[in-house]
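In what follows, a single structure is set out as structure tokens and then discussed.
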Amino acid sequence: MHEMSIVEALMEQIMKMAEEGKWEAVTRVRLKVGVMRQIVPDILEFCFEVASKGTIMEGAILDIEEVPLSIKCDECGYEWDDKEFLGLCPKCNSIDVNVLNGMELELTNLEVEIRNAEACGR
């Protein structure tokens, strides 16, 4: 289950930001996850819930935006979204193809509570 290692890396990154920003709590975490990452959203949410217990992320909402697959042939310009034709253009049979979307794994947004106004320079 690679979802737990992804959650652990995500939480490590967020904890560093929390220390620097003097956050009291993280209430929402938004991720973009491409379908080619082979991440099961329910398992990712479960791992996040388990791993966040006792941290400033406990109880935070994990929003996952699934990014569909999009592939483009550099030879003929055709675009498609079928995993079956990942390495070969279904129109011209070229192997010169690139994945445009579907490989993402991005932390896109956090909602946090800050200890006090002075902590963030206000």
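No hydrogens, no waters, no symmetry mates; every other heavy atom, side chains included, goes into these values. Computed from a predicted structure; not experimentally measured.
- Without hydrogens or angle criteria, Glu12 side chain to Glu8 main chain gives no donor-acceptor distance under 3.5 Å.
- For the pair Tyr78/Pro90, a side-chain contact is recorded, criterion being any heavy-atom separation below 4.5 Å from C-beta on.
- For Lys53, there are no salt bridge (Lys or Arg N to Asp or Glu O under 4.0 Å) partners, not counting sequence neighbours.
- Taking both residues in full, the closest heavy atoms of Val7 and Ala51 are given as CG1-CB, 3.8 Å, listed atom of the first, atom of the second, then distance.
- A donor-acceptor pair under 3.5 Å links the side-chain atoms of Arg37 to the main chain of Met103, judged by distance alone.
- Across all non-hydrogen atoms, the minimal contact from Val26 to Val29 is CG1-CG2, 3.7 Å.
- Using a 4.5 Å heavy-atom cutoff, the side chains of Trp23 and Ile14 are in contact.
- Within the 4.5 Å cutoff, the side chain of Ile61 has no heavy atoms near those of the Thr27 side chain.
- Leu62 is listed as a side-chain neighbour of Leu44, based on a closest heavy-atom distance under 4.5 Å.
- Between Pro41 and Ile64, some side-chain heavy-atom pair lies under the 4.5 Å cut-off.
- The structure places CE of Met57 at 9.0 Å from CG of Leu110, a figure rounded to the nearest 0.5 Å.
- Here CD1 of Ile39 is found 5.0 Å from CG of Leu105. Values are rounded to the nearest 0.5 Å.
- Results of the side-chain hydrogen bond (donor to acceptor under 3.5 Å, both in side chains) test with Asn109 over Lys32, Arg30, Arg28, Glu65 single out Arg30 as the only residue that passes.
- Contact check for Leu31 versus Glu106: no side-chain heavy atoms found under the 4.5 Å cut-off.
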Problem - side chain to side chain contact (heavy atoms under 4.5 Å, CB included) between Met11 and Ser52, intermediate numbers included - result: CA-CA 8 Å; Met11 290 183 64; Ser52 66; 4.1 Å; yes

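- Here the OG atom belonging to Ser70 is positioned 5.0 Å from the CD atom belonging to Glu79, to the nearest 0.5 angstrom.
- Taken to the nearest 0.5 Å, the CG atom of Asp96 stands 11.0 Å off from the NZ atom of Lys72.
- With hydrogens and angles ignored, the 3.5 Å screen pairs a side-chain donor or acceptor of Glu104 with a backbone N or O of Gly102.
- Heavy atoms only, all atoms of each residue included: Trp80 and Leu88 are closest at CZ2-O, 3.8 Å.
- No donor-acceptor pair under 3.5 Å is formed between the side chain of Ser94 and the backbone N or O of Cys89.
- Taken from CG in Leu10 to SG in Cys47, the straight-line distance is 11.5 Å, to the nearest 0.5 Å.
- Remark: Met15 CE to Thr55 OG1 distance equals 6.0 Å, nearest 0.5 Å.
- Residues Met36 and Leu69 are in side-chain contact: their nearest non-hydrogen atoms beyond the backbone lie under 4.5 Å apart.
- In terms of the side chain to side chain donor-acceptor pair (under 3.5 Å) criterion, Asp42 has no residue partners (sequence neighbours excluded).
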